[in-house]
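Below you'll find the structure, written out as structure tokens, and then a few comments.
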Amino acid sequence: MNFHLALQTVPSIINPDINFALIAPELIISVVAVVVMMVDAFTRRADQRWVTGGISLLGLGAAAATVVWLWTGGAGATQSAFNGMVVLDKMRLSFTLIFLLISALTILISMIWIEWERLPAGEFHSLLLFATVGMMLMASGGDLVILFLGLELLSIATYVMAGFRRTDLRSNESSMKYFILGSFSSAFLLYGIALVYGATATDRGVPGTTNIREIAERLDTAVYPQLLFVGAAMLMIGFGFKVATAPFHVWTPDVYEGAPTPVTAFMAAGPKAAGFASFMRVFIFGFPFVATAASTGALAHTAWLNALVVLTILTMTVGNVVALVQSNVKRMLAYSSIAHAGYAMVGFVAAGATPDEAQRNEAIAAVIFYMLTYAVMNLGAFTVVTMIARNNDRRTAIEDYNGIGFEAPTLAFALSLFLLSMVGVPLTGGFMGKIMVFRSALNQGYVVLVVIGVLNTAVSVYYYLRLIVAMFFRERTTLWSAPRLSASIAVALAITIFGVLYLGVFPGQVLDALRTTRPTISQLINR
Amino acid sequence: MIPLAWYLALSAVLFTIGAAGVLIKRNAIAMFMCIELMLNSVNLTFVAFSSFFRDVSGQLIVFIVMTVAAAEAAVGLGIIIAIFRNRESLDVDDASILKL
């Protein structure tokens, strides 16, 4: 009798729901990162960067193949595994592909830099791969704890990468600032998770949860709605730091300027995209649109959406206006990256605002497309900046670009293309990206947001064109010889140039792959 | 039994002290310790909720957070040592090559 009673009160053991197929890409990259570290120890110094770089690229390729396999339904109809810790959806897979592309390009860019600076190649490559695993977990986590773990894995690896040139004071300083402010923001994020965990308990004695889907289900039955609001605000601060939205952007310029250029290229593209992946998953799916106006869930939804609108306007404006007065190219691109985060947030707001699933998917696809184009053009621009800066990051002022246009035409024309794409000139990827996010915002009636976005684009023309003018229409005052393009840099440039043009001229295929519902892009232009 | 709200208030106060410390302190090690204080105040929140709900998952999260904090400490101290070797100072106001 007693035994029977005891059985009833003991909670049943939940089946762990292990599914390795769903985390195959993450597993592959983790294993390759460890292998790279081991191989590095047994390779001659002169061969290191090619061996470890080659293994890393192979690993990234294998992971990409697994992602494609998952995309085409390789794992069957499973939507999540490990009791909801990991989810499988198009948003995760497309972000994962972007991260793999960013890592591969960073490896190509960093090859020549590793040689110049005589750095340990294996350490750099394995740190980069661990950072990639972190980014992938940030996209695939269905639970706040996994998102936090992924974010920390990414951040800790990136702190080290920022300080990789450890005899250089700029690199030290960048690394320390990133570390202090990054952990500061992680603490906010974690406090947000704790408060949401407490707030989502229900009055029927069910404990709180950190699972994003369960959070959405329990919004209206939360016992402590105030805690929920504070928790959501803390989460927003934490993610805001990571994607560098306006009041939380102050670390960005210093860190981007001081870090070695290939690392800056990675930091501006990768962690930002990863931050958006988590940010969107938590807020769009964790605090979703609720139809009934007076419920807690609806209040939470309105609150975060309004806050995000303010952040978006600030981010776009601050990024573009402060970029106008910069004299250092890396710093200018840092402020430009803040501005681009703002444009992407326009699409994020649109995705959050709509109750209609098709339109929401469309807006999310627009943000993903924007992050893809930004990654491609940003990495391309930083490839050129790396080549101009040379070892020790010597030439990063705008004056250093004076008159190089006809001495290094490949670099200069490539950089001009990437800058024009960042402005959003038609036939480049940046143009299509902006069209997509602005259009999804217009569909939800955010006219003011779009108008401010377009005005900001007009402002941004000045500082992007200033660099192009410096390259082609100014006289060179100091002696300068054009750098020779190495094979890896040439490949990176070819991929990014092709990417910018392809995404600008034929975006339809990529967009169709990203969203589940049609209207195709040709219909958009005819309309 | 001490009510849940007291624990939450205590951890909120600790978190605020930590956050204020990061903003006010000028020594890198002290700032780092303030960040640890913030993380530990979050741990207190998790444990308080976990015990209140009779749910073990909050305490499991604390283990994860402690592991992450340890990893962060290793990297952070490494960075601080690197900067001290080059500059012989831990005052963050001296770290001003990159303008703010």
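Basis for what follows: all heavy atoms, side chains included, without hydrogens, waters or symmetry-related copies.
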Legend entry - Max heavy-atom pair count under 4.5 Å with chain A, selected residue of B/Asp55, B/Val75, B/Ile61: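 It is B/Asp55.
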Legend entry - Pairs of heavy atoms under 4.5 Å with chain A: top-ranked of B/Val22, B/Ile80, B/Leu8, B/Leu4: B/Val22
Measure [X] against the heavy atoms of chain B and call it side chain, backbone, both or neither at under 4.5 Å.
X        : value
A/Phe148 : side chain
A/Thr210 : side chain
A/Leu227 : side chain
A/Leu149 : side chain
A/Tyr224 : side chain

Inset, instruction - Could you check whether the rings of A/Phe184 and A/Phe241 sit parallel, tilted or perpendicular, using 30° and 60° as the cut-offs? - result: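 Geometry flag for A/Phe241 against A/Phe184: perpendicular rings.
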Inset, instruction - For the residue pair B/Phe15 and A/Phe188, categorise the inter-ring angle as parallel (less than 30°), tilted (30 to 60°) or perpendicular (more than 60°). - result: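 Rings of B/Phe15 and A/Phe188: perpendicular, over 60°.
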Inset, instruction - Could you tell me if the ring centre of B/Phe46 sits under 6.0 Å from that of A/Tyr191? - result: no
When heavy-atom pairs shorter than 4.5 Å are enumerated against chain B, which of [options] gives the highest number?
options                                : result
A/Gly208, A/Ala187, A/Ala194           : A/Ala194
A/Ser175, A/Ala201, A/Gly182, A/Ser171 : A/Ser175
A/Leu169, A/Leu181, A/Asp168, A/Thr167 : A/Leu169

Inset, instruction - Salt-bridge test for A/Glu257 and A/Arg331: reply yes if a basic N is under 4.0 Å from a carboxylate O, no otherwise. - result: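 A/Arg331 and A/Glu257: salt-bridged.
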What part of [X] is in contact with chain A, defined as an atom under 4.5 angstrom from a non-hydrogen atom: side chain, backbone, both or neither?
X       : answer
B/Ala74 : neither
B/Ala19 : both
B/Ser50 : both
B/Arg54 : neither

Legend entry - Minimal non-hydrogen separation, A/Ser337 against A/Ala268, with atom names: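 Distance-wise, the nearest heavy atoms are CB-CB, 4.5 Å.
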Legend entry - A/Arg165 vs A/Asn392, side chain to side chain donor-acceptor pair (under 3.5 Å): CA-CA, chis, key distance, verdict: CA-CA 9 Å; A/Arg165 295 174 52 226; A/Asn392 209 12; 2.3 Å; yes
Legend entry - B/Ser11 side chain to B/Thr45 side chain, donor-acceptor N/O pair below 3.5 angstrom: yes
Inset, instruction - Could you walk me through whether A/Glu117 and A/Phe164 pass the side-chain contact (heavy atoms from CB on, under 4.5 Å) test, one step at a time? - result: CA-CA 10 Å; A/Glu117 311 274 354; A/Phe164 216 65; over 6 Å; no
Legend entry - N/O donor-acceptor pair under 3.5 Å between A/Asn172 side chain and A/Gly163 backbone: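 No; judged by distance alone, with no hydrogens or angles, the pair does not exist.
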